[in-house]
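Everything quoted here is computed from the prediction, not taken from an experiment. Just so you know, these numbers use all the heavy atoms, side chains as well, and skip hydrogens, waters and symmetry mates. In the text below, chain A, chain B and the rest are named by the order of the sequence lines, each starting its count at 1.
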Protein chains: 2
Amino acid sequence: MSNKTHEYHVIGKGSPRIDAADQVTGKATYLPDLIRSGMLHGAFARSPIPHGRILNVDTSRAKKLPGVKAVLTGPDTPEARHGYQLTIANKRPLVVNKVRFIGDEIAAVAATSEEIAREACSLIKVDFEPLPAVFDPKEAMAEGAPVIHEDMPGNVAAELNKDLGDVEAGFAASAHIFEEAYETPAWAHCCMETRGALAETDGQGRITLWACTQFPHILREILSKVMKIPTRNIRVIKVKMGGGFGSRQSMDSIDPVAIYLAQKTDRPVRMIKNREEEFTTDRISYPMAARLKTGVSDRGELIARHIELTTDTGAYNDQGLYITSSAGSKVTGLYRVPNVRIDGKVVFTNKLWGGAFRGYGNQQATFAIESQMDQIAEKLGMDPLELRLLNANRQGESTASGARLISCGFTECLEQSTDAAGWKKKKARIKPVGATKVRGVGMASVFHTGGGSIGSHGSSFSSAVVKIDSSGSIDVLTGVPDIGQGSDTIYAMIAAEALGAKLEDVRVHSADTEVTPYTLGVRGSRETFIAGNAVKMAAENARKDLIDRAGEILDVDPQYIDAANGKVFVTFNPEECATIADVVGKPMHAQFGTFPVGPPIVASAVYKDPVSRFSKEKTGYGNFCPCYVYGTQVAEVEVDTETGNVKVLEVIAAIDVGKALNPTAVEGQFEGSIYMGIGFALTEGIVWENGRVLNSHFTDYKVMTAPDMPKIKSIMVETHDPFGPFGAKGLGEAAIVPTVAAVANAIYDAVGIRFNELPITPEKLLFAIKARKQHTPEVAMR
Amino acid sequence: MSNKTHEYHVIGKGSPRIDAADQVTGKATYLPDLIRSGMLHGAFARSPIPHGRILNVDTSRAKKLPGVKAVLTGPDTPEARHGYQLTIANKRPLVVNKVRFIGDEIAAVAATSEEIAREACSLIKVDFEPLPAVFDPKEAMAEGAPVIHEDMPGNVAAELNKDLGDVEAGFAASAHIFEEAYETPAWAHCCMETRGALAETDGQGRITLWACTQFPHILREILSKVMKIPTRNIRVIKVKMGGGFGSRQSMDSIDPVAIYLAQKTDRPVRMIKNREEEFTTDRISYPMAARLKTGVSDRGELIARHIELTTDTGAYNDQGLYITSSAGSKVTGLYRVPNVRIDGKVVFTNKLWGGAFRGYGNQQATFAIESQMDQIAEKLGMDPLELRLLNANRQGESTASGARLISCGFTECLEQSTDAAGWKKKKARIKPVGATKVRGVGMASVFHTGGGSIGSHGSSFSSAVVKIDSSGSIDVLTGVPDIGQGSDTIYAMIAAEALGAKLEDVRVHSADTEVTPYTLGVRGSRETFIAGNAVKMAAENARKDLIDRAGEILDVDPQYIDAANGKVFVTFNPEECATIADVVGKPMHAQFGTFPVGPPIVASAVYKDPVSRFSKEKTGYGNFCPCYVYGTQVAEVEVDTETGNVKVLEVIAAIDVGKALNPTAVEGQFEGSIYMGIGFALTEGIVWENGRVLNSHFTDYKVMTAPDMPKIKSIMVETHDPFGPFGAKGLGEAAIVPTVAAVANAIYDAVGIRFNELPITPEKLLFAIKARKQHTPEVAMR
């Protein structure tokens, strides 16, 4: 299957990012580097209490502070609510009447410096009537709990119930039933640059917003609704970003409020969150409680599964329902299981609100699924690998939720990762490696979209423009923002390969709603598959023109002309050739002594995913993605039983990438994902006390650093998806999913203690080891 | 002919510029409004002498000035020469060894403020060996004249000799021969914003230059040669400009030097000329001396013409040859004449160098031609109108130089302008209107390209992208810079009309070499015809997609669907209709409750002028333009014989515009041209003393102001060019050409004195009136 090869000149060769030097020399222009003439600086006055009624806002002292140009409160702004799904959105950019979490936006100031703006915010006096607050979803759903939104008295934002097959009959037919609860905390996205926005109005009443966004075109539509002005009067330009990881898939109040301030002052206004604001007011992952019940046959075949998810959406409604649904669907993705029930509840609490997070609920679900698979294997006396191979979904099959596995390298991933890890040997060895050190090995897999999702809009598409100038300079226009994931580089490679050009001759321009063509943005690992196909199509259209023109130059029928590596040549005599510049510039070049001039080539394309289909009536999911990615990770850990410290020694990551367009970028995705996954397993998670975030800096919110990182071995399984560009699938999210469960399973393998609640901190580990010594060994810890 | 009509919704309706509000509210972002993070400011140290050898440049004091970050002299920069035609370019951005005019660039400084940069420049000490200088082309060509460029000992930069027909036989067959000399001075372009550049390097060694340019893509090619780096590593972005008028068709040293400084300092560098620098170092029109000899039959038919042009190119070589050639060709354009000789010499002097100027040599030539036509008419006892109508080139004919007059409204212009002016009545009336006031009326015409020129590159073309988002927002991408002439508005109108959209839904993005498609820029009135056709084609391609998609929505065969004014409708039942947003957004909209999402429409086009052809072997010119514009202006003046002051009372301007796409813009072009033309006739002209410009500010260089302006009547003759977009031709240059001769002819009509040298200042007029009183009346003055 993965032996299919092709003679590529650019594709498949590892390339550094085309903007790598910008990044490492500090030349990249992030939002704080963006200055507009006459620009003001904005800041927010935020709620110091988790829940309360606003009795009075006194902005008089703030307004008097020299340098302050505008002070706005909620009532000064248009009635509008945002949130990912506008129909059930309930966040006002600046609140009116009530605050619902510590950090809620009460007022905004524009001033001649950020310092003055922040000082002015501190001078705004708000009188509150404090209300009782609730921070736990279960408590929030309890009788008599404080009501966070008056129009949603039970604090339940959304509910989800899906039946695929007959789950009751499935459990009845099962030889063994496993049921356990798992819990994942709120993770911060930890983008290396904090979020901000720069808004400017023009003389015509139009708005330009430089935004930290993963979805500029959709953001423009949302702003149009929130600002109540036509879409055509808003331009969104994505700035250089230090990652998004899903957080910038949602609009933040900073976007409309920067615009309000720019409109009010008639000057450009830039607002940038500081790190504490980023941690305490930006989107987080949804904390989820999962109860997973699985019925299996004597041989270990999965017969039925029921997952119940309780999602803490925080103070406002964003993507909780979609992410809970996405998480739920994962119980059908990895392993064949005919009978499934998915129940979910999305619940308000007085905490900051959740949003999309790389993986879109998958790591929460997969932690439960893959922890439980190990528990099942152990109970049945099977090797975890054996159980997984037995149940693994395979190419050509469809999952219970309707996903069609057109290409699927799951089995290869299972086998190649465990082979490389020396799985059987490591499972069998003696765990202690010293007086206090024990080692263990664990595995977990992932099933994820490899090319976006048709989501609620019923289609997945993208578009691109490719142009070639007479000098042979090639430009690609795409609406997809490079948010740090390297999509610009992938598009440059795709265009170069499809055109037969040199990579160095291609520039990529991305994510300006007016200049670059419409796209759904960076969501659901769609960049390579969907937008990559659009770039490939546009480049192929340009190539057609190029070959036709070369036919005139080389005086050969175009069917005998090929292009590769910057040269256009006659296939039966490759020495008859011309450069791309010769072809585009030459026809009109004869009378011009100095540089090539000639009509350019300008081509465009709109790509529509031909595979995905909704079939809601049947499963509620259907084949919602054009392709799916499978992968397996094997983690080896060393636990210090004296300190509780866990060191991840090695992660072997095998993923079905379809085709590795840029192996360097694939490795980067693997490494970046594993860095995050280990953090989730061992250290990361927001800690609240009465609604206040206690760890709002990197000193307290511990992410992995270079010395924490294990040895990583990347195995790229190439299944050559028939619809992927050059066979490729997207993998920006997939690699992050299995790490958590793999590490947890490895810890179990090392110390015999299972942790169902993340993160597995040294404190928890030591407590569990101590508890085991006092009681019985191998107790399941929660 | 001009009765052809069509039901247009956007075209033909006067529209303010789409960026008008930006302009009048001060919101437009000109170069001085552009700030980049860490930006430095640059300035030039310039030569104080007109000719001299550089013995030593001491930059030590400049380098020590606090805030100075870099000081560069010629030897610090790469060996490279610029000038429009690179093959005979001889200007180094920073000179080495020699200076050749007062203002020549010797060194450049980058510092933390413009003030510091300029102060540092004043601290640079240059030791010169002064050389004898020459300021007059005739003296420069004389034996023993100082040599300005060692490799061009006779100071002749270029020569031109073209024979069309048999000019000697023509003169031999003529009944009357007229021969006279005419002279035009150097005019300043007087852009409302001075020239500047902002250069920035990135981590990859690429350069972005924000430039005041009319031809971003060509500038990029020239910079590539001068900087000796690949074209693909340079991005040129045009900034908002207050006019170009040809001056920004040439690169200035400021462009590469800003880049040198940015490279040297590794920081963005912005350089902006002050007004004095703009007047003393930027491009000017070429002063020309024309000797025009014409042979006519007894009846007044033109039989032969010989024009000899001496062009003062200044210290360096730019477009002198092309402009001299263009000027020469004009003797064949207005009037039928079978035998023509054109001789030209382009001569170096120690003055600032010339460049393109709106009209491209035409106003210099036409001043001679149309002055002489009046002289011929007078001698033959004919009405000037009668002589012109007799000889006027007509539709379907070709000129001696090979121009094919596919559409030609010359006769209509002659007739309609004189009718509107009451020509016969005014010619016949008694001139004095008071004790010291005499009135006169004069006419002159123009023949000019109406759509660019294939020039030295053998083709005229442009390209465009038109895209429609699901919201119905439409964007047009064009490489053509709007330099104040309103091309963005024209493209928006063309796209709206071609698509059937509303003008307000269209945005235009122009002139960024990487984002917008390749174009030859703003040169030769090509924007409307050539680039307008490209926009029209791209919009028509988009419209095809739109109609096809509408067919699905409206469930009707696309052949029965039309689009107009933002609506797509069924032709046999227009009430069955949808908005463009419905069509583009709707198909995928069903499941999305809030805003339209759907695959965009993205279309592109490359337009190649199908008409122009070189046939050099025959005429040296050939049909070098796709269409030609004719026009006539009738000027009425009042001369105060006591003060010598001339007041232009009225100008009637009739021009064959093909089709007035935006009548408001046409009127603007008429008014702006007449403002310039009157200035040329009466006041404008750079004054030198020993190579030093004496009038380097608007206080001394007198341009017309509002109270100086006459009543203007605009007559738009519509000949509906079969190849023009909606029949239109370009007219950015044509209207400026005839004013000078019309005013000069009117002055002759008023006072009976002919001036062959411009400008006709009160001083000259008074002197001539006085001289006539002392000697004989009606003496021809030079």
Side-chain angles (χ1 to χ4, degrees), chain A residues 18-19 21-25 27-29 33-37 86-87 202-204 217 221 224-225 231-232 456-459 461 463 465 467 469-473 475 477 504-505 507 509 514-515 517-518 520 588-595 597-606 608 614, chain B residues 18-19 21-25 27-29 33-37 86-87 202-204 217 221 224-225 231-232 456-459 461 463 465 467 469-473 475 477 504-505 507 509 514-515 517-518 520 588-595 597-606 608 614:
Chain A
I18 56 177
D19 56 345
D22 268 357
Q23 305 276 111
V24 297
T25 59
K27 286 231 161 193
T29 301
D33 304 313
L34 214 59
I35 305 162
R36 301 290 295 175
S37 185
L86 280 177
T87 42
D202 74 2
Q204 287 76 228
H217 284 90
E221 298 290 353
S224 159
K225 296 286 171 191
T231 309
R232 63 168 182 269
S456 50
H457 38 79
S459 173
F461 55 83
S463 55
V465 171
K467 66 188 185 69
D469 288 354
S470 52
S471 59
S473 303
D475 294 287
L477 307 189
E504 69 204 46
D505 288 338
R507 300 272 166 273
H509 305 277
E514 296 204 349
V515 164
Y518 191 99
L520 295 172
M588 304 303 161
H589 183 205
Q591 329 241 359
F592 208 77
T594 43
F595 43 78
V597 174
I601 289 173
V602 187
S604 60
V606 177
K608 291 173 233 176
F614 261 126
Chain B
I18 56 176
D19 56 346
D22 268 357
Q23 305 275 111
V24 297
T25 59
K27 285 229 161 194
T29 301
D33 305 314
L34 215 57
I35 305 161
R36 299 292 294 175
S37 184
L86 280 178
T87 42
D202 74 2
Q204 288 76 228
H217 284 91
E221 298 290 353
S224 159
K225 297 285 172 191
T231 310
R232 64 168 181 270
S456 51
H457 38 81
S459 172
F461 54 84
S463 55
V465 171
K467 66 187 184 69
D469 289 353
S470 53
S471 59
S473 304
D475 293 287
L477 307 189
E504 70 204 45
D505 287 338
R507 301 273 165 272
H509 305 277
E514 296 204 349
V515 164
Y518 191 98
L520 295 171
M588 305 303 162
H589 182 203
Q591 329 242 0
F592 206 77
T594 44
F595 43 78
V597 174
I601 288 173
V602 188
S604 60
V606 177
K608 291 173 231 173
F614 260 127

- Message: Out of A/Val24, A/Asp202, A/Leu477, A/Ile601, return the one with the most heavy atom pairs under 4.5 angstrom to chain B.
- Response: A/Asp202
- Side chain, backbone, both or neither: which part of B/Val515 has a heavy atom under 4.5 Å from chain A? both
- Please examine the side chains of A/Tyr518 and B/Pro599, heavy atoms only from C-beta on, and report whether any two atoms are closer than 4.5 Å. no
- If you tally heavy-atom pairs under 4.5 Å between each of B/Asp469, B/Asp33, B/Val606, B/Thr25 and chain A, the highest tally belongs to B/Asp469
- Message: Is B/Ile35 close to chain A through its backbone or its side chain, or both, or neither, when contacts mean heavy atoms under 4.5 Å?
- Response: both
- Which bit of B/Ser224 comes within less than 4.5 Å of chain A, counting heavy atoms only: side chain, backbone, both or neither? neither
- Could you list the residues that satisfy side chain to side chain contact (heavy atoms under 4.5 Å, CB included) with A/Ser604, not counting sequence neighbours? A/Val465, B/Val602, B/Ser604
- Message: Restricting to salt bridge (charged side-chain N to carboxylate O under 4.0 Å, His left out), what partner residues turn up for A/Asp19, sequence neighbours left out?
- Response: A/Arg17, A/Lys240
- Drop me the distance from A/Lys225's NZ to A/Thr231's OG1, to the nearest 0.5 angstrom. 7.0 Å
- Message: So which residue, B/Ala605, B/Gly472, B/Pro517, ends up with the most heavy-atom pairs under 4.5 Å with chain A?
- Response: B/Pro517
- Query: For A/Ser37, is it the side chain, the backbone, both, or neither that has a heavy atom closer than 4.5 Å to a heavy atom of chain B?
  - Reply: both
- Note on the structure: Most contact-rich option vs chain B, by heavy-atom pairs under 4.5 angstrom, among A/Ala603, A/Ser463, A/Gly203, is A/Gly203
- Rounded to the nearest 0.5 Å, what's the gap from CD1 on B/Ile18 to CZ on B/Arg507? Could you check? 7.0 Å
- State, to 0.1 Å, how close A/Glu221 and B/Ser470 come at their nearest heavy-atom pair, and which atoms those are. OE2-OG, 4.0 Å
- Would a distance-only check, ignoring hydrogens and angles, find a side-chain to backbone donor-acceptor pair under 3.5 Å from A/Glu514 to B/His509? no
- Query: Tell me, side chain or backbone of A/Glu504 under 4.5 Å from chain B's heavy atoms, or both, or neither?
  - Reply: both
